[in-house]
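Chain letters run A, B, ... following the sequence lines, proteins first and then strands; every chain starts at 1.
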There are 2 protein chains.
Amino acid sequence: MKRTRQITIREIAAKAGVSIGTVDRVLHNRGRVSTETREKIEALVKKFGYKPNPLARHLKLKKEYHFFILSPYRDEDSGYWGMVFNGIQRAAEELSPFGIRISFKEFDRYSRDSFWNTARSISPDDCDGLLLAPIMPSEMIRWILELPPSIPYVFFDATLPETSPITEIGQDPYSGGFLAGKLLCLFALRERGTYCVIAPHSEDYHIKRRIEGFLAFWANREGYWPEVRTCADMDHRETREEFLNTLLKDIPDPKGIFVANASVHSVAETLNKGNLSHIPIIGYDLVPENERLLREGLIDVLISQRPAYQGYQAVYQLYRHVVLQQEIQKKIPVPIHLYFKENLLPESSPDLEYEETMFVFAD
Amino acid sequence: MKRTRQITIREIAAKAGVSIGTVDRVLHNRGRVSTETREKIEALVKKFGYKPNPLARHLKLKKEYHFFILSPYRDEDSGYWGMVFNGIQRAAEELSPFGIRISFKEFDRYSRDSFWNTARSISPDDCDGLLLAPIMPSEMIRWILELPPSIPYVFFDATLPETSPITEIGQDPYSGGFLAGKLLCLFALRERGTYCVIAPHSEDYHIKRRIEGFLAFWANREGYWPEVRTCADMDHRETREEFLNTLLKDIPDPKGIFVANASVHSVAETLNKGNLSHIPIIGYDLVPENERLLREGLIDVLISQRPAYQGYQAVYQLYRHVVLQQEIQKKIPVPIHLYFKENLLPESSPDLEYEETMFVFAD
DNA sequence: GAAAACCGCGTTAACGTTAACGCATTCTAT
DNA sequence: ATAGAATGCGTTAACGTTAACGCGGTTTTC
């Protein structure tokens, strides 16, 4: 398959026996072309697979592409969103020669008002693309549907039904939950008994899927009992401790605990206070607090969603779609990356760039 | 920090009171400029941080950038290199609008002649960048040193001393080995005894580091005995079986086995024939044969080096350096990605794009 | 029935960079 | 002394795309 040079607008014009102006008018639907000529040109464009040269186009247009990221405050979810921002920032820097500009729009993920105020502050006229996390699902969907359909958007972290993103970036939550089960079982040396999964109270679809994956691991295993508990509010010490007390009263000797999101550090800390730090515990996301407890041995495994990678990919794929008009994969998978105590960097590292510097070569 | 538009050559020229031609001559060291003028221009360039617009430059030059990948035959190392090629191919397609072209140069990794013939077939005049794997270290270094120093190159998979690559892409082998130890220990339910690591006979520095990491895990653990064995030739059944027979005579009841490269499938298969499939076994790389045995339960864990990702990154970073003249990180870390039987795709999938489609969302 | 609007198309000037070319001077060699 | 080379600079034509503009010719409007 010989790779041949891309055909130019000038060559199309020559073949059609018209000027480049006419071809351009066809290409951009600017009218003022006879049906006959239009069809001839359209046929040629198709036949030779004409694609406008993105460099020349950009040079001429000098267009700035303005992307917005709409996400929870960077310090919410134990700092998880801040880690996403780092990847976005890096992509923005790399792509700045191509006119990419990014604005960060943050809201309080527990306040509808905050969501709407922030969302509404994004002017559709000035927006060439959106990076979205599937937070506040019902509100988010409503907002997306009232947006001009010309605005492309990508989802990271997961996706939402009834929407048509350019691409979805995210990790398979089912596999993650399954793996959590498997690792928990190993850490408990395959002891029979009850294994708990603590679910935050959340409408998140992918947290549900993590739990399904976890349960799937235990299905058909004789003598093992998975137990799902939903905590109404992980963020406040009182509710959390009460929740855990009840849990431990019901199940005095859990063989392992899986916390299906980043708040695993609160669970581990509470457990530690009750001298129960021997119970294997697995959770999500290498946020600073979790990292500390992993290092101290109070958490056994963390599943990373590679937030910086996701942020980077979100920007890059949006750029590929909007600027280069290239075809984008409908789904960008994120590898399930496991952190144990032993594959953390030895020194306290700048957590900002943690994901980037995570693995070092020996010298 | 207000982001302001990049200054253009025309503006520099105006400020210096000369024509753009003169500025261009300074920028490209084409001479024919008085020292006085040159210095004035150089000062202005520095002051305003002038960077040539990569799009305009490319548009004018219509330059094709020709990169070469010099690697072992794509089916060597159980098909590992072929997986790298897939990532390279994808990057090449994405970057083709920017004039990136890639040629694959393959050699037999066990033949010096093959190496030299292939390496010598790359004409330095036609080469704008190289993708290299640190195979045949001493030869490779010699070849690199006799190359014109103007040719940039990146290493993937690992790196080599005495060279100055643009960047090094690779996984921390020490962490990988350490993790292999940890997981093996868990799979053996922490039973005391001897744990083996099988090392291929290889000059590869990063295989040595994997072993060091593995040994580091066992250090100071009472009652656990790590045992390193080097196999002269993993590729031939006879040598392999003799090697394993000797090993099992010396160590009749190993608690677990770590194979420090992709040939873990041969070990697992031989073990299976001897009815020893209960021994936990961990190895490297999700090549087709390994995938099959993982699926069948004859291998317990595979550490993936994400070859497609590495190939993709190698091309992309080279492009960023050569075409965009952007600053590149000196090291691109590759996450340690673990595959268990359970996080493989259920159906037989096209192994070509395995790494890309690995994780699926539920629908 | 004249003015205005419209149609279908070609021409052209950018966008920023590059390098060939041209044109005076000034220097070098015979 | 003078051809010829070298110096120091400005001018210009690309690269491919875009969109404003212009221009004859037809159709509509009042």
**Difference in axis direction between the ends of the helix from C:dG1-D:dC30 to C:dT30-D:dA1, five pairs, 10°** = 40°
**Request:** For the residue pair A:Lys105 and A:Ser121, confirm or rule out a side-chain donor-acceptor distance under 3.5 Å.
**Result:** yes
**Request:** Step through it carefully: locate the ring centre of B:Phe104, locate the ring centre of B:Phe85, and say whether they are under 6.0 Å apart.
**Result:** yes
**Asked** So which of residues 45-54 of chain B are in contact with DNA chain D, with a heavy-atom cut-off of under 4.0 Å?
**Response** none
**Prompt:** Going by atom types alone, do B:Arg320 and B:Gln329 pair a side-chain donor with an acceptor below 3.5 Å?
**Reply:** no
**Asked** Taking for each residue the nucleotide of DNA chain D bearing the nearest heavy atom, is the 5' side occupied by A:Thr8 or by B:Val18?
**Response** B:Val18
**Request:** Kindly indicate, with the supporting measurements, whether the criterion side chain to side chain contact (heavy atoms under 4.5 Å, CB included) is fulfilled by B:Asp157 and B:Leu132.
**Result:** CA-CA 9 Å; B:Asp157 236 55; B:Leu132 305 175; over 6 Å; no
**Verdict with reasoning, A:Tyr316 to B:Tyr316, per ring pair (Phe, Tyr, Trp, His ring centres under 6.0 Å)** = CA-CA 12 Å; A:Tyr316 186 61; B:Tyr316 187 62; 5.5 Å; yes
**Message:** For B:Glu327, I'd like to know if atom CD has over 12 heavy atoms of other residues, nucleotides or ligands within 6.0 Å.
**Reply:** no
**Message:** Applying salt bridge (Lys or Arg N to Asp or Glu O under 4.0 Å) to B:Arg5 and B:Glu11, what does each step give before you reach the verdict?
**Reply:** CA-CA 12 Å; B:Arg5 199 176 46 81; B:Glu11 292 169 302; 3.1 Å; yes
**Fill in**
In numerical order, the residues of residues 20-34 of chain A whose heavy atoms come under 4.0 Å of DNA chain C are A:Ile20, A:Gly21, A:Thr22, A:Arg25, A:Arg32, A:Val33, A:Ser34
**Asked** Side chains of A:Gln89 and A:Tyr312: do they bring a donor and an acceptor to under 3.5 Å?
**Response** no
**Asked** Between which nucleotides of DNA chain D, 5' to 3', does chain B make heavy-atom contacts below 4.0 Å?
**Response** D:dT7 to D:dG16
**Request:** For the pair B:Val334 and B:Ile169, evaluate side chain to side chain contact (heavy atoms under 4.5 Å, CB included) and give the outcome as yes or no after the intermediate values.
**Result:** CA-CA 7 Å; B:Val334 173; B:Ile169 299 161; 3.8 Å; yes
Please set out all donor-acceptor pairs under 3.5 angstrom arising from side-chain atoms of residues 61-71 of chain B, sequence neighbours excluded.
{"from": "B:Lys63", "atom 1": "NZ", "to": "B:Asp128", "atom 2": "OD1", "distance (Å)": "3.2"}
{"from": "B:Glu64", "atom 1": "OE1", "to": "B:Arg101", "atom 2": "NE", "distance (Å)": "3.3"}
{"from": "B:His66", "atom 1": "ND1", "to": "B:Asp126", "atom 2": "OD2", "distance (Å)": "3.0"}
{"from": "B:His66", "atom 1": "NE2", "to": "B:Ser103", "atom 2": "OG", "distance (Å)": "2.7"}

**Item:** Proximity of B:Phe98 and B:Tyr319 rings by center, below 6.0 Å
**Value:** yes
Please tabulate, for side-chain N and O atoms in residues 35-51 of chain A, each donor-acceptor pair with protein atoms closer than 3.5 Å (sequence neighbours left out).
{"from": "A:Thr37", "atom 1": "OG1", "to": "A:Ser34", "atom 2": "OG", "distance (Å)": "2.6"}
{"from": "A:Lys40", "atom 1": "NZ", "to": "A:Ala16", "atom 2": "O", "distance (Å)": "3.3"}

